[in-house]
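Counting from 1, the numbers follow the sequence of the chain as shown.
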Amino acid sequence: MPPKADINKAGWEQSEFPILCETCLGSNPFVRMSKQEYGRSCGTCARPFTVFRWNPGAGARFKTTVICQTCAKIKNVCQTCLLDLEYGLPTQVRDTALAFQHEAPTSDINREYYAQNMESKQLEGNKSGLDSGRASSAGKEMLKELARSDPYYKRNRPQICSFFVKGECNRGNECPYRHEKPSNNELAHQNIQDRYHGRNDPVARKILVTHAENRGLKPPDDVTITSIFLSSLSPNSTELSIRTRVLQSLPSVKPAQIKSVVHVAKSRCAFVNFKDRADAELAAQAWANGLEIDGEMIGIKWGRSRSGGTKSPSLPQAPSTVIS
């Protein structure tokens with residue numbers, strides 16, 4: 001790419017073809033696209049970039065790219081739907097399963113500088129900002145189970161007609177928008193920043209919660225339970241090795257958010273006690289397919305309050321619930 005004559009456009013992006021998933025590209029093999037250089041600012045780094053617009057197929061709405069290619073390569077996502085290109089899942093699901101640490105800044109001051117640095121690294125040969133080589137086998141297996149292998153063209157449907165919702169649309173069948181009542185749930189409240197950075201994404205939360213429940217890790221009704229029970233530990237495991245591995249597998253959890261790690265070496269088990277219930281639920285979701293500690297794949301269960309009744313070997317007791 002030749003250097004730009006205008007120094008003010010040095011950080012702006014030019015491209016010849018977008019980075020898209022199969023669903024957003026559509027089923028039409030003869031799709032035609034319009035291209036507009038510096039058509040809008042990127043939804044994440046705010047740098048101007050080349051915008052593409054096209055119709056994925058009959059009965060679909062026109063789609064457009066919303067983030068630049070540099071940001072898409074950093075997270076390996078589609079420029080339009082912001083879903084992972086390999087698994088077709090939200091970035092929050094992928095990063096939780098593979099324990100990826102989010103490094104991109106979210107402030108307006110630093111994000112453009114970060115994007116320019118990442119673009120320079122990509123020109124040097126690093127095509128993606130993700131390295132899944134060190135990811136655990138359980139995390140990769142989890143993504144294989146959740147991955148959407150076939151394109152989901154229903155996502156390309158037209159938007160809901162706002163005039164129909166108000167009862168004022170008189171175009172009938174000729175209206176290019178859908179005549180449906182909008183569903184007022186958390187899935188209807190999504191934004192680019194949360195989807196891209198993998199935080200507070202309602203779609204990802206629903207996927208992770210459903211998968212954990214299917215694996216027998218449904219959160220207990222007692223919200224005071226914040227402990228996760230680990231079984232079948234390696235004989236070489238120690239409290240330090242368990243704590244270290246737990247923090248590695250949960251990059252978003254800070255060390256201070258773990259209340260204690262109670263290791264019972266004789267029984268080869270341990271309790272991980274979190275300060276907040278949300279962190280315990282995140283751990284259960286991330287470890288739904290198991291967790292590898294010191295070369296052993298361990299079992300995961302929710303702890304149980306001692307006040308709930310007599311002690312049962314099949315339902316582990318959480319010591320954190322009786323510690324004042």
Side-chain angles (χ1 to χ4, degrees), residues 44-45 71 74-77 82-84 86-87 89-107 110-111 114 118 128-143 146 186 189-213 215 217-219 223 225-230 240-261 270-293 298 300 302-303 320:
T44 58
C45 70
C71 293
I74 291 173
K75 301 283 281 188
N76 193 36
V77 296
L82 275 65
L83 296 179
D84 182 76
E86 183 176 357
Y87 300 103
L89 297 170
T91 57
Q92 184 173 341
V93 176
R94 181 200 62 197
D95 294 351
T96 301
L98 301 181
F100 280 151
Q101 177 67 48
H102 175 64
E103 299 178 351
T106 57
S107 64
N110 296 326
R111 60 185 182 180
Y114 175 82
M118 293 303 297
S128 175
L130 300 177
D131 181 15
S132 60
R134 297 183 178 181
S136 65
S137 58
K140 293 180 179 179
E141 188 65 28
M142 174 179 171
L143 292 181
L146 298 175
E186 65 173 1
H189 304 285
Q190 306 178 42
N191 61 74
I192 294 177
Q193 291 289 337
D194 289 347
R195 169 60 59 84
Y196 180 81
H197 293 291
R199 63 189 183 194
N200 302 324
D201 187 348
V203 178
R205 187 183 304 112
K206 181 179 179 181
I207 294 174
L208 291 172
V209 169
T210 303
H211 180 68
E213 292 180 355
R215 285 281 178 170
L217 291 173
K218 182 179 180 180
V223 296
I225 298 177
T226 59
S227 300
I228 300 296
F229 177 70
L230 312 180
L240 179 60
S241 66
I242 295 172
R243 182 185 291 270
T244 302
R245 184 67 184 98
V246 166
L247 292 174
Q248 288 176 349
S249 63
L250 301 172
S252 61
V253 176
K254 299 180 180 179
Q257 293 174 274
I258 297 180
K259 186 176 182 180
S260 64
V261 175
F271 287 94
V272 181
N273 304 314
F274 296 90
K275 290 185 177 180
D276 299 325
R277 172 62 175 255
D279 294 330
E281 293 181 0
L282 175 63
Q285 296 166 7
W287 303 339
N289 281 62
L291 178 66
E292 185 176 344
I293 299 180
I298 65 173
I300 308 294
W302 274 95
S320 64

Exercise. Can you list the residues that meet the side-chain hydrogen bond (donor to acceptor under 3.5 Å, both in side chains) rule with Arg243, with sequence neighbours excluded?
Worked result: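 Once residues adjacent in sequence are excluded, Arg243 has no partner under the side-chain hydrogen bond (donor to acceptor under 3.5 Å, both in side chains) criterion.
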
For this session: Could I get the full list of side-chain hydrogen bond (donor to acceptor under 3.5 Å, both in side chains) partners for Ser241, not counting sequence neighbours?
Result: Thr238, Asp294

Less than 4.5 Å apart, side chain to side chain, heavy atoms only: is that true for [X] and [Y]?
X      : Y      : result
Thr91  : Phe100 : no
Arg195 : Val203 : yes
Val77  : Tyr196 : yes

Looking at [atom1] of [X] and [atom2] of [Y], how far apart are the two atoms once the value is rounded to the nearest 0.5 Å?
X      : Y      : atom1 : atom2 : result
Glu86  : Leu143 : CD    : CG    : 8.0 Å
Lys275 : Ile258 : NZ    : CD1   : 10.0 Å
Leu146 : Leu89  : CG    : CG    : 6.0 Å

Problem set entry | Qualifying salt bridge (Lys or Arg N to Asp or Glu O under 4.0 Å) pairs, either residue in residues 281-291, two or more places apart | Arg277-Glu281

For this session: Identify, with sequence neighbours excluded, every residue that meets salt bridge (Lys or Arg N to Asp or Glu O under 4.0 Å) alongside Asp279.
Result: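 If we apply the salt bridge (Lys or Arg N to Asp or Glu O under 4.0 Å) test to Asp279, skipping adjacent residues, there are no hits.
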
Seminar exercise, completed: Residues passing the side chain to side chain contact (heavy atoms under 4.5 Å, CB included) test with Ser249, sequence neighbours excluded, are Arg245, Trp287, Leu291

Problem set entry | Which residues share a side chain to side chain contact (heavy atoms under 4.5 Å, CB included) with Ala138, sequence neighbours left out |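 Scan of Ala138 (side chain to side chain contact (heavy atoms under 4.5 Å, CB included), adjacent residues dropped) gives Ser136, Asn289, Met297.
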
